[in-house]
**Q** 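One structure, pasted below without further comment.
These numbers come from the heavy atoms of this one structure, side chains and all, not from hydrogens, waters or symmetry mates.
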Amino acid sequence: MADLKKLVIKENTRVLTKSTPEERYWKKFKFAAAIKEFGAVSHLSFSLEAPYYYVVTSGTKVNVYNVKNNTLQQSLSRFKKTAYSGCIRRDGKLIVAGSEDNSVQIFEVGTRSILRKLSGHVRPCHVTKFDEDNVHVLTAADDKTMRCWDLPTGEEVLCLKGHDDYIRTAATLTQCPDIWFSGSYDHTIKMWDKRSGECTLTMDHGAPVESLVVLPTGGIAISSGSNKIKVWDVHRAGTLLTTLCNHQKTVTSLALDYTNTRLLSASLDHQVKMYDLSSYKVTHSIKYAAPVLAVGTTAHNTELIAGCSDGIVHVRKQPVPDTATPAKRPLSAITPGTAAFLERGKNTPPTPKDAVSGKEPKRKKLAPYDLHLKRFQYTEALDHVLKSRHNPDVVVSVIQELFRRDAMKRVLSGRNEETLQPILYFLEAHITNPRYCTVLCDLAHILASLYSPVLGMSPVIDKLFEKLNRRLKFELKVQERYMKLQGAMECFFTATGLS
């Protein structure tokens, strides 16, 4: 006797979202660690040479972490007040940081000793950076000045004045070390020539500038202020190329990835968004539990790190594929008489000429509703899928099978209040779904013809029928409005000559 063919569950068409290569790339970054700091994480900095440290500025501490295992390497806590903008040099040997007490300190990573203490700012220093030549330090503070310091002597080399409000961000150029950029709360981005000490270009962002990045070529500058990100063409006298408004709240941090082909933005709306710099479109976004104040990637884009206002540093790591495969022992090296010799070749797949013998494959276990259908227990089959809260696709497939076997009237007739309720609940929940309405409307017609003579005998059943009636009337009104709207749009398209 042939086995019963299992019930085929009707699969409805689903809308497939196309996954772009950029989205698949960022989804590879999986959770690696969550590091708790003692205050809000205000700044992140990354070393681009081995051993690839990254620096976290939080509260009165500047902590140095190892990229490999995200462990704390050193903690610099020689700050009397809040520390700002802890920045590590490219070679990972020195760290510079500003403070709320107006001072700037330079530390050696290996010994944690203070090499230089720079004094000259009269307000809190929020921006510190190493220049591209690694022997000069750039600082900017709330005293509206930007200063250049000579690292070997600790003396001030240059003081740039021109902003009318606090300076909170700055950027240097790799290919042109003599050009600096600064962003201020006076809504402007300024380009400075270190050789002449003068401002050569001013761009108006229209809001207090929170962060600023410049592409290595120096032709494109990107600033953030309020919930907007603006892209400027420096070579064309600061022409505004585009404005990105993908965040709902203030954009607090901007960063370029290691390849300088992607832009990362962090915002107070808990979001980190990734942009493709060739099109300036969002390719991926990640939501965190708290407002994000700093974001960046480590060298070679191995890790994505975000610092939040709740003091949590979230680390996402890209898995490195393990290409190493264990070496197999040749058959000639196996000693005769051993267990390995007797079991040799057991995993070798058979060839087409081999005769395969063995146990017959096990029969697949039938689902309970399939067993009921096999035994012609149609009522039990429908009751089972309704009570077990199966996927609606399964319930509708069972109903379709009962219609095909011409058993629906027999299954629905003779029911009491308890066994009729699950059917009415399912009808009321799914009858307006376009994927099920054809089958469920036929089911509703049979129910109405069978139980309309006995309405009024059960208050519970009467309420369920009234609820179903209201749902159908509301759906008819909605469909009527859609038809009117469709007619109006067709008239409009005809009048304007559009198809």
**Q** Can you list everything that forms a ring pair (Phe, Tyr, Trp, His ring centres under 6.0 Å) with Y166? Sequence neighbours excluded, please.
**A**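 By the ring pair (Phe, Tyr, Trp, His ring centres under 6.0 Å) rule, Y166 matches no residue at all.
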**Q** Where do A97 and V62 come nearest, in terms of heavy atoms and distance?
**A**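 Heavy atoms of A97 and V62 come nearest at CB-CG2, 4.1 Å.
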**Q** Is it true that Q248 and N227 share a donor-acceptor pair across their side chains at a distance under 3.5 Å?
**A**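 Short answer, no.
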**Q** Counting only heavy atoms not in R24, do more than 12 fall under 6.0 Å of its CZ?
**A**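 More than 12 heavy atoms, drawn from other residues, nucleotides or ligands, come within 6.0 Å of this atom.
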**Q** Okay, side chain of S47, backbone of R90: is any donor-acceptor separation there less than 3.5 Å?
**A**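 Yes: the side chain of S47 pairs with the backbone of R90.
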**Q** Heavy atoms, side chains only, cut-off 4.5 Å: are R470 and L472 in contact?
**A**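 Not in contact.
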**Q** Checking S224 now: which residues fulfil side-chain contact (heavy atoms from CB on, under 4.5 Å) with it, not counting sequence neighbours?
**A**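 Once residues adjacent in sequence are excluded, the partners of S224 under the side-chain contact (heavy atoms from CB on, under 4.5 Å) criterion are E210, S211, I229, V251, L254.
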**Q** Counting C-beta onward and ignoring hydrogens, is there a side-chain heavy-atom pair between V213 and T169 closer than 4.5 Å?
**A**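 V213 does not reach T169 side chain to side chain.
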**Q** Enumerate the salt bridge (Lys or Arg N to Asp or Glu O under 4.0 Å) contacts for residues 254-273, please, sequence neighbours excluded, ordered by first and then second residue.
**A**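 Counting only pairs at least two positions apart or across chains, the salt bridge (Lys or Arg N to Asp or Glu O under 4.0 Å) contacts touching residues 254-273 are E22-R262, D257-R262.
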**Q** For a 4.5 angstrom cut-off between non-hydrogen side-chain atoms, does L468 reach L464?
**A**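 They are not in contact (no side-chain heavy atoms under 4.5 Å apart), so the answer is no.
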**Q** Compute whether any side-chain donor of one residue and acceptor of the other, for S182 and K190, lie under 3.5 angstrom apart.
**A**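 Result is no, nothing qualifies.
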**Q** Evaluate side chain to side chain contact (heavy atoms under 4.5 Å, CB included) for Y425 paired with Q421, printing each intermediate quantity in order.
**A** CA-CA 6 Å; Y425 279 125; Q421 286 184 46; 3.8 Å; yes
**Q** Tell me, please, which residues at least two apart from Y451 pass ring pair (Phe, Tyr, Trp, His ring centres under 6.0 Å).
**A**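 Result, ring pair (Phe, Tyr, Trp, His ring centres under 6.0 Å) vs Y451: none returned.
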**Q** For F376 and Y378, take the angle between the two ring planes, folded into 0 to 90°, and tell me which bin it lands in: parallel under 30, tilted 30 to 60, perpendicular over 60.
**A**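 Taking Y378 first and then F376, their aromatic rings stand perpendicular (interplane angle over 60°).
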**Q** If we check side chain to side chain contact (heavy atoms under 4.5 Å, CB included) with I222, which of these qualifies: L212, V214, L277?
**A**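 Only one option passes, and that is L277.
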**Q** Heavy-atom distance under 4.5 Å between the side chains of L373 and R405, does that happen here?
**A**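 When only atoms from C-beta onward are counted, R405 and L373 do touch, with a gap below 4.5 Å.
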**Q** Give the minimum heavy-atom separation between S58 and G39, together with the two atoms involved.
**A**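 Heavy atoms only, the tightest pair is OG-O, 2.7 Å.
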**Q** Should L420 and L412 count as side-chain neighbours, where that means a heavy-atom distance under 4.5 Å?
**A**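 Sidechains of L412 and L420: no contact.
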**Q** Answer yes when R404 and E401 have at least one side-chain N-carboxylate O distance shorter than 4.0 Å, and no when they do not.
**A**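 Answer for the salt bridge query: yes.
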**Q** Within the distance-only criterion (no hydrogens, no angle test), does the side chain of T252 pair as donor or acceptor with the backbone N or O of A266 below 3.5 angstrom?
**A**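 Yes; judged by distance alone, with no hydrogens or angles, the pair exists.
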**Q** Holding to ring pair (Phe, Tyr, Trp, His ring centres under 6.0 Å), I want the full list of residues that pass it with H126, two or more places apart in sequence or in another chain.
**A**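 For H126, the residues satisfying ring pair (Phe, Tyr, Trp, His ring centres under 6.0 Å) (neighbours in sequence not counted) are Y84.
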**Q** Please report, to 0.1 Å, the donor-acceptor pairs under 3.5 Å made by any side chain of residues 280-291, with sequence neighbours excluded.
**A**
from : atom 1 : to   : atom 2 : distance (Å)
T283 : OG1    : M274 : O      : 3.3

**Q** For the residue pair L215 and L256, establish whether any side-chain heavy-atom pair is separated by less than 4.5 Å.
**A**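 Touching, per the 4.5 Å side-chain cut-off.
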**Q** Using modelled atom types and a 3.5 Å cut-off, is there a donor and acceptor pairing between side-chain atoms of T298 and backbone atoms of N301?
**A**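 Absent.
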**Q** Output all residues satisfying side chain to side chain donor-acceptor pair (under 3.5 Å) with Y54, sequence neighbours left out; order by chain, then residue number.
**A**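 In terms of side chain to side chain donor-acceptor pair (under 3.5 Å), with neighbours along the sequence ignored, Y54 is linked to N70.
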**Q** With rounding to the nearest 0.5 angstrom, report the OG to CG distance, S413 to L447.
**A**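 Rounded to the nearest 0.5 Å, the OG-CG separation comes out at 10.5 Å.
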**Q** Considering all heavy atoms of both residues, which atom of V231 and which atom of L240 are nearest to each other, and what is their separation?
**A**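 Between these two residues, the closest heavy atoms are O-CD1, 3.4 Å.
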**Q** Would you compute the distance between atom NE2 of H384 and atom CG of L371 and round it to the nearest 0.5 angstrom?
**A**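 Nearest 0.5 Å value for the NE2-CG distance: 9.0 Å.
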**Q** Does the side chain of I312 come within less than 4.5 Å of E37's, by heavy atoms?
**A**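 No. Closest side-chain heavy atoms not under 4.5 Å.
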**Q** Within a reach of under 6.0 Å around CG of D406, are more than 12 heavy atoms found that belong to other residues, nucleotides or ligands?
**A**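 Open.
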**Q** Counting only N and O atoms by type, is there a donor-acceptor contact under 3.5 Å from the side chain of S388 to the main-chain atoms of V385?
**A**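 No, the answer is negative, given that no donor and acceptor are paired below the 3.5 Å cut-off.
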**Q** Taking all non-hydrogen atoms of both residues into account, name the closest pair between H314 and C308 and its distance.
**A**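 Between these two residues, the closest heavy atoms are CD2-SG, 3.5 Å.
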**Q** Any donor and acceptor pair, going by atom type alone, linking the side chain of H205 with main-chain N or O of H187 inside 3.5 Å?
**A**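 A pair under 3.5 Å: no.
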**Q** Between S75 and N63, is the side-chain hydrogen bond (donor to acceptor under 3.5 Å, both in side chains) condition met? List the steps.
**A** CA-CA 4 Å; S75 182; N63 294 328; 2.7 Å; yes
**Q** Of all residues at least two apart in sequence or in a different chain, which pass the side-chain contact (heavy atoms from CB on, under 4.5 Å) check with Q318?
**A**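 Applying side-chain contact (heavy atoms from CB on, under 4.5 Å) to Q318 gives Y25, K28, F29.
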**Q** Check for a donor-acceptor pair, side chain of S267 on one end and backbone N or O of T250 on the other, with a separation under 3.5 Å.
**A**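 At least one qualifying donor-acceptor pair exists.
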**Q** Between F403 and I446, is a side chain to side chain contact (heavy atoms under 4.5 Å, CB included) present by the stated rule, with each step listed?
**A** CA-CA 11 Å; F403 271 116; I446 297 176; 3.5 Å; yes
**Q** Mark yes or no for whether T297, through its side chain, and L304, through its backbone, hold a donor-acceptor pair below 3.5 Å.
**A**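 Checking the backbone N and O of L304 against the side chain of T297, no donor-acceptor pair under 3.5 Å is found.
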**Q** Given side-chain hydrogen bond (donor to acceptor under 3.5 Å, both in side chains), test D393 with Y436 step by step and report yes or no.
**A** CA-CA 8 Å; D393 291 340; Y436 313 133; 2.6 Å; yes
**Q** Provide the full list of ring pair (Phe, Tyr, Trp, His ring centres under 6.0 Å) pairs with a residue in residues 232-263, sequence neighbours left out, each pair given once.
**A**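 Found Y258-H300.
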**Q** Count the heavy atoms belonging to other residues, nucleotides or ligands that lie under 6.0 Å from NZ of K477, then report whether that count exceeds 12.
**A**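 Atom NZ in K477 is not crowded, with 12 or fewer foreign heavy atoms closer than 6.0 Å.
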**Q** Please list all pairs meeting salt bridge (Lys or Arg N to Asp or Glu O under 4.0 Å) that have one or both residues in residues 409-426, counting only residues at least two apart or in different chains.
**A**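 Found D383-R415.
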**Q** Can you name the salt bridge (Lys or Arg N to Asp or Glu O under 4.0 Å) partners of R471, sequence neighbours left out?
**A**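 Only E428 meet the salt bridge (Lys or Arg N to Asp or Glu O under 4.0 Å) criterion with R471.
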**Q** Give the intermediate values and the outcome of salt bridge (charged side-chain N to carboxylate O under 4.0 Å, His left out) for residues R168 and D142.
**A** CA-CA 8 Å; R168 290 299 171 87; D142 289 351; 3.1 Å; yes
**Q** Listed by chain and number, what are the salt bridge (Lys or Arg N to Asp or Glu O under 4.0 Å) partners of D186, not counting sequence neighbours?
**A**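 Salt bridge (Lys or Arg N to Asp or Glu O under 4.0 Å) check on D186 returns nothing, list empty.
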**Q** Say whether, by atom type as modelled, one donor and one acceptor occur between the side chain of D462 and the main chain of G456 under 3.5 angstrom.
**A**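 Yes, the answer is positive, given that a donor and an acceptor are paired below the 3.5 Å cut-off.
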**Q** Start with the C-alpha gap between L443 and I423, add the side-chain angles, then the distance that decides, and say whether side chain to side chain contact (heavy atoms under 4.5 Å, CB included) holds.
**A** CA-CA 9 Å; L443 179 64; I423 302 176; 4.3 Å; yes
**Q** How close do A83 and T57 get, counting heavy atoms only, and between which atoms?
**A**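 Nearest heavy atoms, A83 then T57: O-CG2, 3.5 Å.
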**Q** Please determine whether side-chain hydrogen bond (donor to acceptor under 3.5 Å, both in side chains) holds for the pair T188 and S184, giving the CA-CA distance in whole Å, both sets of side-chain angles, and the decisive distance to 0.1 Å.
**A** CA-CA 6 Å; T188 63; S184 170; 5.3 Å; no
**Q** Which heavy atom of A141 sits nearest to which heavy atom of C125, and what is that distance?
**A**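 Shortest heavy-atom separation between A141 and C125 comes out as CB-CA, 3.7 Å.
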**Q** Quick one: are V234 and F181 in side-chain contact, heavy atoms under 4.5 Å?
**A**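 Side-chain contact under 4.5 Å: yes.
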**Q** Counting distance only, does the side-chain N/O of N416 pair as donor-acceptor with the main-chain N or O of T419 below 3.5 Å?
**A**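 Yes, the answer is positive, given that a donor and an acceptor are paired below the 3.5 Å cut-off.
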